[in-house]
Amino acid sequence: MKKFIMAAATVAMIATAFTGCQKKSASAGADGKLKLEMYYYKQENQEGLKNIIKAFEKENPGVTIDMLIIPNDADSAMSARAAQGDLPDILQMQSYSRIKEYASKGFLLDLSSEEAMNRVLPSSLPAVSWNGKQYAVPMDYAGIGIIYNKDIFEKYNLNPPTTYRELEKVCRELKNNGVVPFAGLLKENWSMGHFITMIHTALLKEKNMDPEKFIDLMNSSKASYGDVDTAKLFSILDFYRTNLNSNAAEMGGGEQQQSFAKGESAMMVQGLWAYVDALKLNPSLNAGFIPFPVYNDAKLNTFYADVDSTFGVSSQSSKEKQAMAVKFVNWLTSAEGQKLWMSEYKLIPPFKGVDVSAFGGPYVDLMKSVEVKGSSPWAFSQYPTDVFEDACKNGAQQYMFQKKTSADVIKDIDAQWASSVNK
């Protein structure tokens, strides 16, 4: 009897495994259409993404795409499905680390030779690359820099600064006229986390050091965060502090945007998400966007801009589904797909010649600059998570509050990094 039960259990296990395989290999749904599944995690504009899917289905009437959103703890959910050989056919993924993890495990198709990749800005390719090949299409581009009030600049005959020396002069002129140069945001530590990593990444250029190479050296304990010109790094933080609102320590994101929208301050160091919120407060706001100029050589000053989310194709899907999923990501980068992506999903794709005029001047400034000068990657997205969350964010904020010295900040970042990679 025991042997019979064991045999029956074995048969059941085999049947279950076979059923699981059939789930991925079955191509058509009950209506005879090819049925794909798309996983996504960005929940900001779900209706917009649904409209994009509907447009693709209309052009491809033999296809339906079911959408699966997992906004929280998505990484573990997708890892569990990958282990079962059951990844969704189309995958929205964060750039860099998630791409590298899935590509190294063989979960993603190589998209290097697809037409979509020919439309991508070269500076965005590292965000979706592993071992010299591209495994996803970057679809969500964002930049951090100086958003400035054009009307205030015009009033005082100021040009947007292209060098650090010019920025110092602009700040002096603004203060002489009773205008706060930069809207403050010290209450929330994430902003200073962005700021210190932006300046640090820019300073790597002086060392002829690629950010990814620097991170590799840090991960192998062969470098220090202080290997850049730390005197310059912290002098820029000091300069920033002296040109903020007097109550910057009490200002969060909302207060920063109010100060800028009201014209109390002429600039804010932020991403364009903050410009969108400031525009809601002052619909007539006339703004521009420039890189934060770390150097006195304008050519070296580029936006801190990079890819956030991407789309890839699962290697675990059937060949038929893979082909249609690839068709979808290629379609997303077409003129029609780009237009829908921006009008419906309200995100900027990092493509050559992308038309962002409908989004307003700051978006045009960003894409023009990146296309001509390139950009510095969001290196913090490649740091160990706790290094950025704890040591960088808190360290920079505490320095601005004058509760930590520059040496303490560097020491803490190095120690946290070493602890993270040696866990």
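For the numbers below, each heavy atom of this structure counts, side chains included, while hydrogens, waters and symmetry mates do not.
Contact of the Ser265 side chain with the Gln256 side chain is not registered, since no non-hydrogen atoms from C-beta on lie closer than 4.5 Å. With a 4.5 Å cut-off on side-chain heavy atoms, Leu340 and Asn51 do not count as touching. Side-chain contact between Val326 and Leu109: present, with at least one pair of heavy atoms (C-beta onward) separated by less than 4.5 Å. No side-chain heavy atom of Ser259 sits under 4.5 Å from any side-chain heavy atom of Val180. When side chains are defined from C-beta on, Tyr135 does not count as touching Leu111, because their heavy atoms never get closer than 4.5 Å. Considering only heavy atoms from C-beta on, Arg119 stays 4.5 Å or farther from Val137 through its side chain. Within the 4.5 Å cutoff, side-chain heavy atoms of Met324 are placed close to those of Phe56. Counting heavy atoms from C-beta outward, Leu186 and Ser191 have side chains that stay 4.5 Å or more apart.
Put simply, the side chain of Ser315 gets close to the backbone of Phe107: a donor and an acceptor are under 3.5 Å apart. A side-chain donor-acceptor contact under 3.5 Å links Asn296 to the backbone of Arg165. Trp378 contributes no side-chain N or O that, together with a main-chain N or O of Val307, makes up a donor-acceptor pair within less than 3.5 Å. Without hydrogens or angle criteria, Asn301 side chain to Thr162 main chain gives a donor-acceptor distance under 3.5 Å. A donor-acceptor pair is defined here as one N or O able to donate and one able to accept, closer than 3.5 Å; no such pair exists between the side chain of Lys352 and the backbone of Pro122. Side-chain atoms of Asn149 do not come within 3.5 Å of backbone N or O of Ala266 as any donor-acceptor pair. Looking only at distances, no side-chain donor or acceptor of Lys232 sits under 3.5 Å from a matching main-chain atom of Leu203. Side chain of Ser369 to backbone of Asp365: no donor-acceptor contact under 3.5 angstrom is found. A distance-only check finds no donor-acceptor pair linking the side chain of Glu344 to the backbone of Ile52 [under 3.5 Å]. A donor-acceptor pair is defined here as one N or O able to donate and one able to accept, closer than 3.5 Å; such a pair exists between the side chain of Lys321 and the backbone of Lys35.
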Quiz item: Passes side chain to side chain contact (heavy atoms under 4.5 Å, CB included), Leu217 versus Met209? Steps please.
Solution: CA-CA 11 Å; Leu217 290 173; Met209 178 74 73; 3.7 Å; yes

Exercise. Determine, stepwise, if the pair Trp417 / Ile215 fulfils side chain to side chain contact (heavy atoms under 4.5 Å, CB included).
Key: CA-CA 10 Å; Trp417 206 307; Ile215 291 167; 4.1 Å; yes

Quiz item: Run the side-chain hydrogen bond (donor to acceptor under 3.5 Å, both in side chains) check on Tyr383 and Ser420 step by step: do they pass?
Solution: CA-CA 10 Å; Tyr383 292 5; Ser420 297; over 6 Å; no

Practice problem: Report the C-alpha distance between Asp66 and Thr64 in whole Å, list the side-chain angles of each, state the deciding distance to 0.1 Å, and finish with yes or no for side-chain hydrogen bond (donor to acceptor under 3.5 Å, both in side chains). | Solution: CA-CA 7 Å; Asp66 291 338; Thr64 60; 4.8 Å; no

Exercise. May I have the step-by-step check of side chain to side chain contact (heavy atoms under 4.5 Å, CB included) for Asp412 and Lys404, ending in yes or no?
Key: CA-CA 10 Å; Asp412 289 349; Lys404 273 189 177 182; 2.6 Å; yes

Exercise. Given side-chain hydrogen bond (donor to acceptor under 3.5 Å, both in side chains), test Asp386 with Gln416 step by step and report yes or no.
Key: CA-CA 7 Å; Asp386 48 2; Gln416 184 69 63; 3.2 Å; yes

Practice problem: Test side chain to side chain contact (heavy atoms under 4.5 Å, CB included) on Leu185 and Gln270 and set out the steps. | Solution: CA-CA 10 Å; Leu185 201 177; Gln270 264 287 15; 3.4 Å; yes

Exercise. Output, in order, the C-alpha distance, side-chain angles, deciding distance and verdict of side-chain hydrogen bond (donor to acceptor under 3.5 Å, both in side chains) for Tyr295 and Glu206.
Key: CA-CA 10 Å; Tyr295 295 101; Glu206 289 183 327; 4.5 Å; no

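Considering all non-hydrogen atoms of both residues, Ile99 and Ala136 come closest at CD1-CB, 3.6 Å. Residues Thr302 and Gly374 approach most closely at CB-O, 3.8 Å, considering heavy atoms. Of all non-hydrogen atoms in Glu57 and Ile65, the two that sit nearest each other are OE2-N, 2.7 Å. Gly184 approaches Asn245 most closely through the heavy-atom pair N-OD1, 2.6 Å. Nearest heavy-atom pair, Asp227 versus Lys207, reported as atom, atom and distance to 0.1 Å: O-CE, 3.0 Å. Of all non-hydrogen atoms in Pro350 and Met367, the two that sit nearest each other are CA-CE, 4.3 Å.
Here the OH-CG distance, from Tyr275 to Leu285, works out to 6.0 Å after rounding to the nearest 0.5 Å. Asn394 contributes atom CG, which lies 10.5 Å from atom CD1 of Ile413 (distance to the nearest 0.5 angstrom). With values rounded to the nearest 0.5 angstrom, Leu49 atom CG is found 9.0 Å from Ile69 atom CD1. Rounding to the nearest 0.5 Å places CG of Leu272 at 11.0 Å from CG of Leu279. One finds the CZ atom of Phe351 at 8.5 Å from the CH2 atom of Trp341 (value rounded to the nearest 0.5 Å).
Checked by atom type, the side-chain pair Gln398/Asp408 shows no donor-acceptor distance below 3.5 Å. Side-chain contact annotation: Gln322 with Ser317, donor-acceptor N/O pair under 3.5 Å absent.
In summary, of the residues considered (Asp297, Ile236, Val294), a side-chain contact (heavy atoms from CB on, under 4.5 Å) with Tyr164 occurs for Ile236 alone. Of the options Phe380, Phe214, Phe195, a ring-ring contact (aromatic ring centres under 6.0 Å, His included) to His200 is made by Phe214 and by none of the others.
Other residues, nucleotides and ligands contribute at most 12 non-hydrogen atoms within 6.0 Å of the CD atom of Glu154. Shown here is Lys411, whose NZ atom has no more than 12 heavy atoms of other residues, nucleotides or ligands within 6.0 Å. Few gaps surround NZ on Lys100; more than 12 heavy atoms of other groups in view lie less than 6.0 Å from it. Heavy-atom neighbours of Lys54 NZ from other residues, nucleotides or ligands within 6.0 Å: at or below the threshold of 12.
Tyr240 has its ring centre less than 6.0 Å from the ring centre of Phe182. Ring centroid separation for the pair Tyr148 and Phe153 comes in under the 6.0 Å cut-off.
Between Lys339 and Glu336, none of the side-chain N atoms (NZ, or NE/NH1/NH2) sits under 4.0 Å from a carboxylate O, so this pair counts as no salt bridge. For Lys105 and Glu101, the salt-bridge test passes: some basic side-chain N is under 4.0 Å from an acidic carboxylate O. Under the 4.0 Å criterion applied to side-chain N and carboxylate O atoms, Glu389 and Lys393 are assigned as salt-bridge partners.
Partners of Asp229 under the salt bridge (Lys or Arg N to Asp or Glu O under 4.0 Å) rule, at least two apart in sequence or in another chain, do not exist in this structure.
In this structure, Tyr39 and Tyr41 have tilted ring planes: the angle between them lies in the 30° to 60° band.
Taking the ring axis of Tyr399 as reference, the NZ or CZ atom of Arg241 stays within 45° of it and closer than 6.0 Å to the ring centre.
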